[in-house]
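One structure is given below, encoded as structure tokens.
Throughout, protein chains are lettered first and strands after them, A, B, ... in sequence-line order, and every chain is numbered starting at 1. Everything numeric here is computed off the predicted structure, so don't read it as measured data.
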Protein chains: 2
Amino acid sequence: MTRKPKANLEDIARETGVSKMTVSRVLRGGSGFSDDTRTRVLQVAERLGYIPNRLAAAFGADQASTLVGICVPRLTSGLFAHVLDGVDRALTRLGYQVMIGCNNHSAEDEEAWLRQLISWRPAGVILSGRHHSPGTVDLLRNAGMPVVEIWELTTTPIDMAVGFSHFDCGAEMGQFLIRRGRRRIGVVGAMAGQDEMGRARRDGVERALAQAGHPVAAAELLLDTPGFYAGYYGLETLLSRAPGLDAVYFHNDEMAIGGLAYAQARGLRVPEDLAIAGWGGMEAASVLPLRLTTTVVPTTAIGKLAAEGLVARLRGEPVQDVVAVPTRLVPGQTV
Amino acid sequence: MTRKPKANLEDIARETGVSKMTVSRVLRGGSGFSDDTRTRVLQVAERLGYIPNRLAAAFGADQASTLVGICVPRLTSGLFAHVLDGVDRALTRLGYQVMIGCNNHSAEDEEAWLRQLISWRPAGVILSGRHHSPGTVDLLRNAGMPVVEIWELTTTPIDMAVGFSHFDCGAEMGQFLIRRGRRRIGVVGAMAGQDEMGRARRDGVERALAQAGHPVAAAELLLDTPGFYAGYYGLETLLSRAPGLDAVYFHNDEMAIGGLAYAQARGLRVPEDLAIAGWGGMEAASVLPLRLTTTVVPTTAIGKLAAEGLVARLRGEPVQDVVAVPTRLVPGQTV
DNA sequence: TGCCGCAAGTTTACCGGTAACGTAGCCAAA
DNA sequence: TTTGGCTACGTTACCGGTAAACTTGCGGCA
């Protein structure tokens with residue numbers, strides 16, 4: 001089955017009549033060879049269909065890996081998909097390869113994945129969130145490679161960080177709801193609170209509302225993943241327990257849209273009877289008949305900045321350790 | 001910076017007082033050592049914080065790679081996100097690592113990515129679609145590793161295939177629209193037709209409508225990526241060119257929901273004045289006030305089956321070369 | 001004329017595993 | 001007593017690159 005590629009440096013060297021070291025230098029674009037040699041080597045390499053063996057290169061030389069790992073909490077989230085896209089485009093352009101992982105919002109899964117990743121001796125790694133297991137931090141310190149923590153901001157990164165404050169997102173929306181005259185405000189969470197960052201947003205809302213003198217009226221913390229269904233049934237459950245709410249803050253836009261669907265199915269007028277606020281800024285939110293009030297997050301930019309920061313560090317260029325990206329509260333028509 | 005992990009097999013061997021070959025055998029769970037030796041080796045490995053070097057293993061032994069590549073047309077599509085999730089879960093469970101790629105619906109980009117992937121000597125690869133460049137096919141034949149083509153079905157796979165017929169999806173929806181009495185049917189496409197599979201669906205619709213004696217009344221092929229905005233403005237454009245349509249088939253659900261938003265904004269009654277059909281089965285489609293008529297695709301299952309088939313082949317187990325997964329037309333309330 | 005420096009190479013050693021093969025010691029069957 | 005097989009190892013060679021050190025030939029310059 002796995003017959004190996006036909007040509008290696010040795011083969012090219014033999015055909016060209018030089019040493020394999022010279023071939024290596026030519027193919028990597030170094031110096032110490034004549035134009036004539038270069039041309040001949042390239043021709044032979046082309047003719048033999050040479051494909052470099054990065055395994056050997058990274059193994060032999062250390063320092064030479066072009067592999068970067070990225071671990072996100074969920075692969076099926078539209079937001080992380082865009083982060084991944086930003087990372088992938090930037091790294092591909094810069095000549096790196098991307099190994100993915102998914103930790104299901106679990107620090108243990110993250111550590112397990114990281115252990116696998118490190119066994120490939122990558123050039124760097126991008127993690128999501130700022131909460132990691134002690135084992136994870138240990139592994140990273142020993143590996144001595146660049147690390148970027150994305151999504152949530154931290155002032156004490158393991159190495160570098162690109163993100164924003166989820167707490168502030170929540171607080172800002174809480175204040176907004178108050179300014180719009182809402183007083184009986186509920187929240188719908190997801191994933192049993194395992195999503196630390198979703199929890200930070202809820203904490204932000206709670207703090208803002210409490211400070212305004214109108215603390216959270218009711219909260220429903222679902223076990224489900226934060227999707228449309230969960231939003232739909234989450235709002236149903238919340239309203240059955242606490243009728244008379246005049247606003248609800250959802251874990252994210254998908255849930256908010258699900259909630260919006262429920263409200264409309266129930267004949268509630270949005271925003272007159274009930275205001276609905278989401279988070280994340282998914283595209284669908286802005287083409288609904290009722291544009292969703294939400295906080296837009298620069299997903300792709302985060303991925304891009306993280307990737308570029310990582311590579312800059314690898315190249316020894318100066319980098320900013322902590323990059324705060326701006327989020328933007330977009331008042332729609334649902335509040 | 002990149003200081004290497006402290007312990008390797010040699011270190012463990014020295015500390016334990018055996019040869020590194022014995023350590024290797026113990027750690028890989030082979031045979032040829034006593035229980036006592038096993039215990040001591042494991043203890044030392046644990047104490048030294050040994051992390052295997054898969055680079056060296058895969059390089060030295062060939063055949064020993066646990067790296068699998070997967071290339072999808074777009075990372076930001078919700079459908080492919082689920083495919084990726086299915087692949088990732090299955091492969092992680094089976095002890096493999098996943099390298100991702102994105103080809104932007106371009107065969108050249110796919111080939112470029114594959115070339116990078118192969119330089120890592122992976123155990124196998126999963127590609128999307130059945131149209132590949134000659135170079136891609138060449139690379140794969142020479143690499144001699146398992147290949148799974150997913151998403152679109154083919155009777156002549158390079159190696160294995162897991163998918164369904166996009167043409168049939170389109171044809172089925174076309175017939176459905178006709179059965180529901182629609183006669184002036186339009187279609188909205190995306191990505192300038194570069195998405196071969198979206199084109200196959202349109203071809204299916206066209207064929208079905210033509211056979212029924214009511215050929216496609218109007219078609220709008222956008223340049224954009226298939227998102228909500230594109231659906232919104234796509235329908236606007238289509239209706240301005242061809243007023244009086246009584247049904248529109250969209251490239252996918254996201255566009256259909258965008259189209260639905262436009263129809264409602266324009267005061268069109270759906271489905272009375274205009275029927276709207278999507279494709280893909282995104283979750284949002286079923287919680288809208290008006291449940292979208294669409295074709296549900298088993299995304300996660302495709303990823304899972306592809307990953308499992310790949311690993312089965314690697315293990316020399318018997319596998320089915322071509323697996324057809326079922327899609328399901330779900331009549332919603334928009335037709 | 002002799003020395004230096006540079007361009008254009010070559011040679012050697014090594015990265016950390018694994019396959020293949022070798023071997024010592026022991027026990028059981030012939 | 002010999003032989004044969006088994007267990008539990010050890011030895012050797014090698015995978016395909018790259019860093020570092022070494023060599024060779026040539027032109028310029030004192």
Side-chain angles (χ1 to χ4, degrees), chain A residues 2-42 45 48-67 118-123 143, chain B residues 2-42 44-45 48-67 116 118-123 143:
Chain A
T2 326
R3 68 170 174 287
K4 57 197 46 153
K6 23 192 184 312
N8 58 22
L9 286 192
E10 191 80 53
D11 298 326
I12 299 177
R14 199 174 326 107
E15 289 266 325
T16 318
V18 296
S19 72
K20 73 174 183 174
M21 196 59 223
T22 298
V23 176
S24 171
R25 283 200 277 251
V26 168
L27 293 181
R28 282 185 301 151
S31 63
F33 46 81
S34 65
D35 269 5
D36 179 59
T37 301
R38 201 183 86 93
T39 311
R40 274 160 49 227
V41 165
L42 290 179
L48 297 184
Y50 173 70
I51 295 185
N53 187 337
R54 249 184 251 282
L55 233 42
F59 165 58
D62 228 3
Q63 209 81 319
S65 176
T66 56
L67 183 63
I118 289 181
S119 75
W120 287 98
R121 305 295 186 264
Chain B
T2 325
R3 68 171 174 287
K4 57 198 46 156
K6 22 187 187 310
N8 58 23
L9 286 191
E10 192 80 53
D11 299 326
I12 300 176
R14 201 176 323 109
E15 289 266 323
T16 318
V18 297
S19 73
K20 71 174 183 173
M21 195 61 224
T22 298
V23 177
S24 170
R25 283 197 277 249
V26 168
L27 292 181
R28 281 185 302 151
S31 63
F33 46 81
S34 64
D35 268 5
D36 179 58
T37 301
R38 202 183 84 93
T39 312
R40 276 162 45 229
V41 165
L42 291 179
V44 174
L48 297 184
Y50 173 70
I51 294 185
N53 187 336
R54 246 184 252 283
L55 233 42
F59 165 57
D62 228 3
Q63 210 80 320
S65 176
T66 57
L67 184 63
Q116 297 296 325
I118 289 181
S119 75
W120 288 98
R121 305 295 187 264

Short side-chain N/O contact from [X] to OP1 or OP2 of [N], under 4.0 Å:
X: R28(A); N: dT18(D); answer: yes
X: R38(B); N: dC9(D); answer: no
X: Y50(B); N: dG17(C); answer: yes

Looking across every strand, which nucleic acid part, if any, lies under 4.0 Å from [X] by heavy atom: base, sugar-phosphate, or nothing?
X: T22(B); value: sugar-phosphate
X: A56(B); value: base
X: F59(A); value: base
X: S34(B); value: sugar-phosphate

What's the [atom1]-[atom2] distance between [X] and [N], to the nearest Å?
X: D11(A); N: dG16(D); atom1: CG; atom2: C1'; result: 11 Å
X: R54(B); N: dG16(C); atom1: CZ; atom2: C1'; result: 14 Å
X: M21(A); N: dT11(C); atom1: CE; atom2: P; result: 13 Å
X: L55(B); N: dG17(C); atom1: CG; atom2: P; result: 10 Å
X: L9(B); N: dT18(C); atom1: CG; atom2: P; result: 6 Å
X: K20(B); N: dC15(C); atom1: NZ; atom2: P; result: 9 Å

Let's see if you can work this out: which of dG9(C), dG17(D), dT18(C) has an atom nearest to the side-chain heavy atoms of T37(A)?
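Looking only at side-chain atoms, T37(A) lies closest to dG9(C).
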Out of dG17(C), dT18(D), dG17(D), which nucleotide sits closest to the side chain of N53(A)?
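My answer, after comparing the listed nucleotides, is dG17(D).
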For DNA chain D, whose closest nucleotide is more 5', that of V18(B) or that of G60(B)?
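It is V18(B) whose nearest nucleotide is closer to the 5' end.
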Distance-only donor-acceptor test, R25(A) side-chain atoms vs dG9(C) base atoms, 3.5 Å:
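By the distance-only test, yes, there is a pair.
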